[in-house]
Amino acid sequence: MRFDVITLFPELFAPFQSVGVTRRAFETRAVDVRLWPLRDHAEGVYRRVDDRPFGGGPGMVMLVEPLVRCLAAIRASQAADGGARLPVVLFSPAGRPLTQQRVEALAASPGAVLLCGRYEGIDQRFIDAHVDEEISLGDYVLSGGELPALTLMDAVARLQPGVLHDAASHQQDSFSDGLLDCPHYSRPEVLPLPAREGGEPIEQGVPPVLLSGHHAHIARWRREQQLAITLRRRPELIAAARERGELSKKDEDFLRGLT
Ligand SMILES: O=C(N[C@H]1CCCN(c2cc(-c3ccncc3)n[nH]2)C1)c1cc2ccccc2[nH]1
């Protein structure tokens with residue numbers, strides 16, 4: 001799959017392509033990232049990509065023409081590669097909240113054009129004419145759309161076949177089954193650790209079931225931990241999983257025991 005990224009700061013994306021899981025996705029071409037520096041498509045001596053807002057007010061607005069020229073170049077590149085015309089995604093607090101379900105849908109798609117805004121935003125006429133979807137990472141305002149774009153690319157890249165060492169890993173991810181993740185433990189089996197920073201060290205062990213080697217019991221414990229943590233922190237996710245018919249009778253019996 002392919003991401004065509006429209007950005008004023010292509011240098012922000014280099015680290016994504018050079019470390020960890022996403023590096024493997026990039027090197028194996030499981031995810032093909034094409035960066036499109038918007039300023040390359042601005043004309044005039046000053047190659048302007050922004051200007052003052054009509055109606056006055058603070059800051060600057062991203063101009064339509066450079067965006068139109070950049071998108072036309074992307075469309076030509078997509079056509080030359082024989083690829084599909086990919087949807088344009090704008091990252092904005094006004095967008096639809098990103099969910100793992102949406103990530104999984106994108107991961108299974110041919111890709112998208114990721115539009116990273118800056119300044120005060122993008123001329124609405126470009127959004128109305130060319131943006132297919134607006135995605136929000138949360139109710140806060142950033143300085144640009146690049147970090148949301150990197151977040152989405154990371155979430156999609158790790159789902160690509162062959163990218164995670166253990167293909168089953170993302171099956172146990174938080175949200176992959178609509179619930180929060182269970183706790184994880186590793187060596188040493190027992191270690192002196194204060195219950196909270198600054199407290200007296202106490203010998204802290206690992207839940208015995210995880211040392212039992214009984215895989216069915218371990219799987220059940222992990223599922224019950226997910227249910228308990230999700231009920232406590234994000235009860236709405238329990239209701240949504242129930243709505244989707246994803247809670248077993250065992251799950252429901254366990255949850256009833258908690259309430
Ligand atoms: O598109 C916007 N801003 C551009 C330009 C300024 C920096 N940008 C941005 C994107 C985001 C963002 C994107 C996704 N999830 C959370 C925040 N914060 N800031 C991109 C934008 C900013 C904004 C604020 C309130 C309601 C709607 C809004 N849209």
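Counting convention: from 1, in listed order, for ligands and their atoms alike. Because the structure is a prediction, the values reported are computed rather than measured. Positions are given from 1, in the same order as the sequence printed here. These numbers come from the heavy atoms of this one structure, side chains and all, not from hydrogens, waters or symmetry mates.
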* To do: Determine, step by step, whether T7 and L12 satisfy the side-chain contact (heavy atoms from CB on, under 4.5 Å) criterion, reporting the C-alpha distance in whole Å, the side-chain angles of both residues, the deciding distance to 0.1 Å, and the verdict.
  => CA-CA 9 Å; T7 177; L12 283 177; 5.7 Å; no

* Any side-chain donor paired with an acceptor under 3.5 Å for D181 and Q226? -> no

* Salt bridge present between E133 and R96 (N-O < 4.0 angstrom) -> yes

* Just checking, is any N or O donor in the side chain of D154 or T151 under 3.5 Å from an acceptor N or O on the other one? -> no

* Short N-O contact, R69 and E43, less than 4.0 angstrom -> yes

* To do: Hey, could you give me the CG/CG distance between L164 and L159, rounded to the nearest 0.5 Å?
  => 7.5 Å

Check: every ligand 1 N/O to protein N/O pair under 3.5 Å:
| unit_1 | atom_1 | unit_2 | atom_2 | d |
| --- | --- | --- | --- | --- |
| ligand 1 | 15 (N) | L137 | N | 2.8 |
| ligand 1 | 18 (N) | L142 | N | 2.8 |
| ligand 1 | 19 (N) | L142 | N | 3.1 |
| ligand 1 | 19 (N) | L142 | O | 3.0 |
| ligand 1 | 29 (N) | S92 | OG | 3.2 |

